[in-house]
Amino acid sequence: MRDTWPLLEQIAFPPLRRGRLDTLQVNVGYRCNQSCVHCHVNAGPSRSEEMSAEVIDVVLAFLARRSVGTLDITGGAPELNPHFRRLVRAARAMGVRVMDRCNLTILEVPGQQDLPDFLAGERVEIVASLPCYLEDNVDRQRGTGVFEASIRGLKRLNALGYGHAQSGLLLHLVYNPQGAALPPPQAALEADYRRVLGERHGIAFNRLYTLANMPIQRFGAILIAGGEFDRYLDLLQKAHVDANLEHVMCRNLLSVDWEGYVYDCDFNQMLDLPFAHGDRERPQLAELMDAELEGRPIRVAGHCYGCTAGQGSSCGGALKEAAE
Ligand code: SF4
Ligand code: SF4
C-alpha cells in the first residue's frame, strides 16, 4: 500500500493549539469483521492487534484522575476486544458518557448476539456507520450483504428503544462519501436518511453525521493508485473554512492506540504522528496523568484539510452544524 504521509507532510496547515480536554478516544484494536474500502484504520478480520487488560486499566485510571467526561471507543470493531465490556461497565460506573463506534454487522457475529442488550443496559451511545440509505452503495463500499445486515441491526437497536427520542438511548448514523468528493450538507442528507429509512424500513435514529474521507491509509492508497490524490487534496484545500479551526476535534480530544501511545487524533494515530510531549518521542497515556495539556501545539499537515473543508468534519459530524 502506498503511504500518503510523504505527500501530506509537505502541505502547510494553519497552527492549532489544544483547548480543554473533554474526550478520550481509545482504539482498542484493529480486528474487524469487515474490510471496508475507505477504512482509515486498515482494519479487517486478519488483524490481531488489540488493547491489553493493563492498558485498559491505564485508560480507566486516566478517566478517573482527570474527570474526562466522554470515552469514545473505536477500532476495528471495538466489541471484539475481550476487555470491551469491562471497559464500558467501569467507565459508566464512574458516570462517564460512553460512545461505541459500532459497525452494526458485528451484532450478527457469533458471540455478540447479546451485544444490543448490553449496550442498552449500560446506556452506551451508539455511533454506527451507514454510508448510504441505498443497498448498492453500501455494499460496494463495505461488502456484499452489509446493507441488509445493517438494517437488521438497526431494527434490533430500535426495538430496545435506541433512536427514539423519549428513550434517551442515542443512535447516530455516520455518512461518508463513496469516493473523492466532499460530503453533501448534513441537515439535508439527514432529512433524506430519515425519510427513506423510515418509509422503507421503519428505522428511527437520532442524528446523521457527515464525514469527509481522509486521504490516508486504504483510501489514500486508492487515491494515489487512481491518480486522484492531488485533485482530492486540492478540493479539500480550496474548500477550507477558517472558522472550522475552532471546532476540530483534536482541540478537546486525546487519541490512544491499542498499545497506550497517545496522539492528537485518530488520523494522526494512523499516520503514526505521536502527541508532542517535551523530548518524549512517543508518550504513553500513563505519562500524561497530570500533564498540562491546554495550549499545547497540535501536529498538523495536509490531511487536516479533511477536517476543515466545507462544513467541516469531526467525530460529531459537520462542525458548522455541531457548533450551532
Ligand atoms: S467496519 Fe469500520 S473499522 Fe471495520 S473495516 Fe469498516 S470502516 Fe474499518
Ligand atoms: S486531522 Fe483533524 S483532528 Fe487530526 S490533527 Fe488534523 S485537524 Fe486535528
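Indexing begins at 1, ligand by ligand and atom by atom, following the structure's order.
Residue-ligand proximity, Met249 to ligand 2, at heavy-atom distances under 4.0 Å covers atoms 3 (S). For ligand 2 and Phe267, the ligand atoms under 4.0 Å from any heavy atom of the residue are 1 (S). For ligand 2, the atoms closer than 4.0 angstrom to any heavy atom of Cys304 are 1 (S), 5 (S), 6 (Fe), 7 (S). The atoms of ligand 1 that sit less than 4.0 Å from any heavy atom of Ala43 are 3 (S), 5 (S), 8 (Fe). Those atoms of ligand 2 with a heavy atom of Cys265 less than 4.0 angstrom away are 1 (S), 3 (S), 4 (Fe), 5 (S). Interface of Cys307 with ligand 2, defined as ligand atoms under 4.0 Å from a residue heavy atom, comprises 1 (S), 2 (Fe), 3 (S), 7 (S). The contact set between ligand 1 and Asn103, taken as ligand atoms under 4.0 Å from a residue heavy atom, comprises 1 (S). Against a heavy-atom cut-off of under 4.0 Å, Cys36 is close to the following atoms of ligand 1: 1 (S), 5 (S), 6 (Fe), 7 (S).
Contacts between Ile298 and ligand 2 below 4.0 angstrom, taking non-hydrogen atoms only, involve the side chain exclusively.
If you look at Tyr133 and Tyr193, their ring centroids are closer than 6.0 Å. Between Tyr305 and Tyr232, the gap from one ring centroid to the other reaches at least 6.0 Å.
Taking a cutoff of 4.0 Å between a charged side-chain nitrogen and a carboxylate oxygen, Glu294 and Arg20 do not qualify as a salt bridge.
If you take CZ on Arg66 and CG on Leu254, they are separated by 7.5 Å, rounding to the nearest 0.5 Å. Between the CZ atom in Arg123 and the CG atom in Leu169 there is a gap of 4.5 Å [rounded to 0.5 Å].
Cation-pi geometry between Arg194 and Phe205 is met: the NZ or CZ atom falls under 6.0 Å from the ring centre, inside 45° of the normal.
Residue contacts with ligand 1 include Arg142, since one of its heavy atoms falls under 4.0 Å from the ligand. The shell of residues lying under 4.0 angstrom from ligand 2, judged by heavy atoms, includes Asn268.
For atom 2 (Fe) of ligand 2, the set of nearby N, O or S atoms under 2.8 Å includes none belonging to His303. At a cut-off of 2.8 Å, Cys32 coordinates atom 4 (Fe) of ligand 1 through an N, O or S atom.
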*Test log, rule side-chain hydrogen bond (donor to acceptor under 3.5 Å, both in side chains), inputs Ser255 and Gln269*: CA-CA 7 Å; Ser255 163; Gln269 182 183 142; 2.8 Å; yes
_side-chain hydrogen bond (donor to acceptor under 3.5 Å, both in side chains) between His277 and Arg296, worked out_ = CA-CA 9 Å; His277 185 53; Arg296 295 272 192 100; 3.2 Å; yes
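Considering only non-hydrogen atoms, atom 3 (S) of ligand 1 lies nearest to Gly76 out of Ser35, Ala128, Gly76.
Residues Tyr261 and Leu273 are members of separate hydrophobic clusters, defined by side-chain heavy-atom contacts under 4.5 angstrom among Ile, Leu, Val, Met, Phe, Trp and Tyr.
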